[in-house]
Amino acid sequence: MECRVLSIQSHVVRGYVGNKSATFPLQVLGFEVDSINSVQFSNHTGYGHWKGQVLTAEELNVLYEGIKLNNVNHYDYILTGYSRDISFLVTVVDIIKELKKANPSLVYVCDPVMGDQGAMVSSYPHTSSYAKWQPLLLFCDIIFHRLLTGRKINTEEDAIEVMDLLHKMGPETVVLTSTDLPSKQGDQFLVALGSQKIKKPDGTNTDQKICMDIPKVDAVFVGTGDLFAALMLAWTHQHPKDLKTACEKTVSVMHHVIKRTITYANEMAGPGKRPTPAQLELRMVQSKADIENPAIVVEAKVLQKSSQ
Amino acid sequence: MECRVLSIQSHVVRGYVGNKSASFPLQLLGFEVDSINSVQFSNHTGYSHWKGQVLTADELHVLYEGIKLNNVHHYDYVLTGYTRDTSFLEMVVDIVQELKRANPNLVYVCDPVLGDHGSMVRLLIIRVPCCMCVHAVMDLLHAMGPDTVVITSSDLPSRLGDRFLVSLGSQRHVRPDGSRTTQRVRLEVPKVDAVFVGTGDLFAAMLLAWTHHYPTDLKTACEKTFSVMHHVIQRTISYAHELAGPGRRPSPPQLELRMVQSKADIEDPAIVTEATVIS
């Protein structure tokens, strides 16, 4: 497999968020990963302390220039995460536009939001620019999708409508990683949904919509969103017309990594004590076998297949 | 295995040198790798063009401060590479000294060592360009501190002919009864007809990993290290020639190490070079 990803995310010296979270799994799965570190921090911002430096939009541009001057600005995927800095974001968009000219089949995987930053996103002034990016693969946080579509999700029908609205903005694949929909398996589960547009051999369009019940975890993890995006990239690449399998593998890997992490964290903290952010760092390296070949622990249900 | 490495090396967006060359293999072998990127460049400097930014000594200090404030500055190994900047190097030395106070068993893997910092170096990799008495060289280096010395290439004539170069290693141990012993090994390593970048960084990382797994068996550690290098380089050469086409010299981008593709070899290398114990 010769597949090259450009990942523009944060770097932490210690721990697993941003590029640290995305790179190893993608490499383990055989992807070439070029990584631009948008920041370099000692650790993620959930610790007691954090220190480091940020990359400016100008510096990002300089790095890209180096890649371009060598004529190696050819990527199959581009993966970006969260960015607070508007000028940085604008530079990222310019880079993506150029990369798409170099390779029209480029897939842009965008995970624009960290859940806890909902308040910041709701005041984010350039929401319309997201639409202009025409990302082909878009991961939505519940708050973000409300911003884009103006719709709340109360029922499965609402979810389907929201995903269709998001498709209209460009992405062929939409995943709602968590919703407030009640799970049939009880309140220890949350509901995630996905929708993928597929072109049939006869030229007509169809779509596959799936739904999964995911066990809730009693802990706050950092870096799981970045890992999720990277895994979705990998598994939708391996299973391009089978969102069900791609999602099952992705969510299963997440489950194994998180379980291993919780166990270790509780062991480190000791009985009755809450693990610290340092102890809760994802057990990424230890989860290599699960990343390579995940035992499937969640089954996705196909909701409907409709022609348009 | 719970083993944490602090690696202070360069980062390139594309390709495999510095931290890009060292991290993935170490992670594959189960090491936790904390990495401080001393620079961020688009690619290595062997390409026609390269652009990027460097970390100052102050910025390095700030990053280390963050780690220290969280009381997570506990490492089993420190791995550093080449740096031109003296003030940066001095900051690295200060950090290593502090880390050694936090963990006296810390092993500092340095490729290459510069001058008078040898006293804290436990594992050292050095390229000796000129023909010297290798035992004397290795003993001299041991005297500066390192328990393990590897001379990655020398001008010693190989008994397998001129398509091979000779590498040597020397490791000092203290036996249970308190007496000292030294294991010296010699390897005949096939020469490669290409210039690679990042192989030294990969070598240092692999030597760290395999001496960790075989702490009193330098022979096996070297065999595995050199064998991994062989597989990665062979795969890289084949691919580079394929890309370049018949009769054409591969370009630097084409010669980037096939790191990701060599995962199986890194995890469990088939031994292709046998080390001879020479004393």
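In the text below, chain A, chain B and the rest are named by the order of the sequence lines, each starting its count at 1.
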Taking side chain as C-beta onward, heavy atoms only, is B/Arg14 less than 4.5 Å from A/Arg4? yes

So CD of B/Gln27 and CD of A/Gln27: to nearest 0.5 Å the spacing works out to 7.0 Å

Sub-4.5 Å side-chain heavy-atom contact between A/Lys68 and B/His49: no

Is chain A contacted by the side chain of B/Gln40, its backbone, both, or neither, given a heavy-atom distance below 4.5 Å? both

Would you mind checking which part of A/Val33 comes under 4.5 Å of any heavy atom in chain B, side chain (CB onward), backbone (N, CA, C, O), both or neither? backbone

When only pairs under 4.5 Å are counted, which of A/Tyr47, A/Phe41, A/Phe24 shares the most heavy-atom pairs with chain B? A/Phe24

Checking heavy atoms, do the side chain of B/Tyr64, its backbone, both or neither come under 4.5 Å from chain A? neither

Which of A/Val62, A/Ile67, A/Asp34 passes side-chain contact (heavy atoms from CB on, under 4.5 Å) with B/Ser42? Answer is A/Ile67

Under 4.5 Å heavy-atom distance to chain B, tell me which part of A/Glu292 shows up: side chain, backbone, both or neither. side chain

Taking every non-hydrogen atom, the tightest pair across B/Lys51 and A/Leu69: CE-CD1, 3.5 Å

How many angstroms lie between atom CG of B/Asn43 and atom CG of A/Asn70, to the nearest 0.5 angstrom? 4.5 Å

Kindly say whether B/Leu28 contributes a backbone atom to a donor-acceptor pair with the side chain of A/Lys288 at under 3.5 angstrom? yes

From OG (B/Ser35) to NZ (A/Lys20), nearest 0.5 Å: 4.5 Å

Assess whether a salt bridge exists between A/Glu2 and B/Arg258, defined as any Lys/Arg side-chain N lying under 4.0 Å from an Asp/Glu carboxylate O. yes

When rounded to the nearest 0.5 Å, the distance separating CD of B/Glu65 from CH2 of A/Trp50 is 15.0 Å

Could you tell me which portion of B/Gln254 (side chain, backbone, both or neither) has an atom closer than 4.5 angstrom to a non-hydrogen atom of chain A? neither

So which residue, A/Glu32, A/Gln286, A/Met284, ends up with the most heavy-atom pairs under 4.5 Å with chain B? A/Glu32

Heavy atoms of A/Leu55 and B/Gln53 approach each other most closely as CD1-OE1, 3.5 Å

Residue part contacting chain B, namely of A/Leu29, when any heavy atom lies under 4.5 Å: neither

May I have the step-by-step check of side chain to side chain contact (heavy atoms under 4.5 Å, CB included) for A/Leu26 and B/Val260, ending in yes or no? CA-CA 9 Å; A/Leu26 284 170; B/Val260 156; over 6 Å; no

Which value, rounded to the nearest 0.5 Å, describes the distance between A/Asn37 atom CG and B/His11 atom NE2? 4.0 Å

Atom group of B/Leu29 that falls short of 4.5 Å from chain A, counting heavy atoms: neither

Under 4.5 Å to a heavy atom of chain B? For A/Phe31 that would be backbone

To the nearest 0.5 Å, atom NZ of A/Lys51 lies from atom CG of B/Asn70 at 10.5 Å

